[in-house]
2 protein chains.
Amino acid sequence: MPTQTNENYLKALYYLHQKNSAISITDLGKEMEVSKPTVNDMVKKMQAKGWVKYEKYKPLQLTKQGLREATFIIRKHRLSEMFLSQVMGFGWEEVHDMAEEMEHLKSEMFFDRMDEILGFPTKDPHGSPIPDKNGNFVKPDYRLLSQVEIGKKVVLRALRESSTEFINFLNNKEIKLGTTMTIKQIEPFDKSMTVCYTTHTDVILSHTVCNGLLVEQLT
Amino acid sequence: MPTQTNENYLKALYYLHQKNSAISITDLGKEMEVSKPTVNDMVKKMQAKGWVKYEKYKPLQLTKQGLREATFIIRKHRLSEMFLSQVMGFGWEEVHDMAEEMEHLKSEMFFDRMDEILGFPTKDPHGSPIPDKNGNFVKPDYRLLSQVEIGKKVVLRALRESSTEFINFLNNKEIKLGTTMTIKQIEPFDKSMTVCYTTHTDVILSHTVCNGLLVEQLT
DNA sequence: AAATTTTGTTAGTCTTATCTAACTTTTTAA
DNA sequence: TTAAAAAGTTAGATAAGACTAACAAAATTT
């Protein structure tokens, strides 16, 4: 059974893998905000437990078991977010940090009951898929708004980041899941985009913001 | 801010204080299931943090601050039990262990929202008082069934232990909070009691069981 | 009051998770 | 293709939370 710290390393590895296939000790250290020797040590321990595969100077890999563990932590995180939002009435901008704590609770019953109460949801409040009790889930292949061309129409389906700060920004701009946007212009200099949606015309979104929005392309 | 381990020591001290005013290093060690040197060390650390007062070979004391911290942990525990039982539909025999984990969550918002959803309850599913947001609560002075005399009539108001095992025993005997019982007989040899309640006549309860039941005396 | 038992303390060790400083390997760029 | 930069490793330390073995102090019993 992974410790809480182990769980955080597993989750970090999982997220890094989503973007990048070759994860370095340094990458993981940055994600976890710890020094390289700390990661080095931890990786050895986690390899001994069978969760990661590592050879000196080579990229890190999650084993099948490690992936399984990571998936269950993510299940617990996303179910918690969903429960906090749907049952306890918290806003989508508030749930991430609380779920970050709750994901380490060990009681399976607790999460299974949440799942049941929520009617076995497949998406969390930020649009991310929730693995089921067996660890299965479908990863829809949305694209980043930042990668969409000018003139296209898209629907916001998920966020790649769920920090309170980021979501407060979206709330201010009245952007939510399901919002349909048309890309009017892309500034070559800073890659910022001018978009239109609902009653808003010509809203400028920075590249950083566009990089956090996962969309489904309509046209 | 106390660590999770600190919180458990504080809670243990709090519970020991309820029965016994003079708590020894040994007592705390037994409650926490750790060795005496471990307690000794920990007590020094917790004294440095201002939660306990201790002089060599003298009894342990919770400081005002320590008592405050303990009260908030108990608030979190009991609110969790209430939420698990009232909102999530768990049985009173299932909630203790889950609440034992949940009580260490740091988010105040989470517990305050629970409190609100539950309508600011003052008792948990086992009849124990729930401290409010300021740490205040009334400790009703029930007496132990084991201390009641023969012939008296009592109502079960709270449990002094909330383990699944103990409550499963009560469930089997169809004893719940609010059950009115009459004490028919007390066996001098082993202090077991013969009681009558609802449709049950002449049920024998061991001293151990009677010691776990907090009752209000009617006659 | 002395002997015994219980209680508490000291000293030294372990594990987990972290650090810095210094060194080595690999990669990249001149 | 070698020099510089980046990445990774080793060694030694620290803090929290635990242990055992051995000793000291206090309380209890005879």
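Fair warning: this is a prediction, and the values are worked out from it, not measured in the lab. In what follows, chains are A, B, ... by sequence order, proteins preceding strands, each numbered from 1.
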Want to settle it: does A:K49 or A:K56 sit nearer the 5' end of DNA chain C, counting the closest nucleotide to each? A:K49
Select base, sugar-phosphate, or nothing to describe what [X] touches, counting heavy atoms under 4.0 Å on all strands.
| X | result |
| --- | --- |
| A:T5 | sugar-phosphate |
| B:S24 | sugar-phosphate |
| A:T26 | sugar-phosphate |
| A:K44 | sugar-phosphate |

A:H126/A:H96 aromatic ring centres below 6.0 Å: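 Between A:H96 and A:H126, which both carry aromatic rings, the centre distance is not below 6.0 Å.
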Give the rounded distance in Å between these two atoms: [atom1] of [X] and [atom2] of [N].
| X | N | atom1 | atom2 | answer |
| --- | --- | --- | --- | --- |
| B:D41 | C:dG8 | CG | C1' | 12 Å |
| B:Y9 | D:dA16 | OH | P | 13 Å |
| A:M42 | C:dT15 | CE | C1' | 11 Å |
| B:M46 | D:dA18 | CE | P | 11 Å |
| B:N40 | D:dA24 | CG | P | 16 Å |
| A:I25 | D:dT10 | CD1 | P | 11 Å |
| A:D27 | D:dA7 | CG | P | 8 Å |
| B:M32 | D:dG17 | CE | C1' | 10 Å |

Does a donor on one side chain and an acceptor on the other come within less than 3.5 Å for [X] and [Y]?
| X | Y | value |
| --- | --- | --- |
| B:T3 | B:N6 | yes |
| A:S163 | A:E161 | yes |
| A:N8 | A:H104 | yes |

Nearest of D:dG17, C:dT10, C:dC19 to any side-chain atom of A:P37?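 Of the options given, the side chain of A:P37 lies nearest C:dC19.
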Nearest to the side chain of A:K36, which nucleotide is it out of C:dT9, D:dA7, D:dA16? D:dA7
Indicate whether OP1 or OP2 belonging to [N] is found under 4.0 Å from a side-chain N or O atom of [X].
| X | N | value |
| --- | --- | --- |
| A:Y57 | D:dA6 | no |
| B:T38 | D:dG17 | no |
| A:T3 | C:dA17 | yes |

Does NZ or CZ of A:R113 lie under 6.0 Å from the centre of the six-membered ring of B:F90, at an angle within 45° of the ring axis? yes
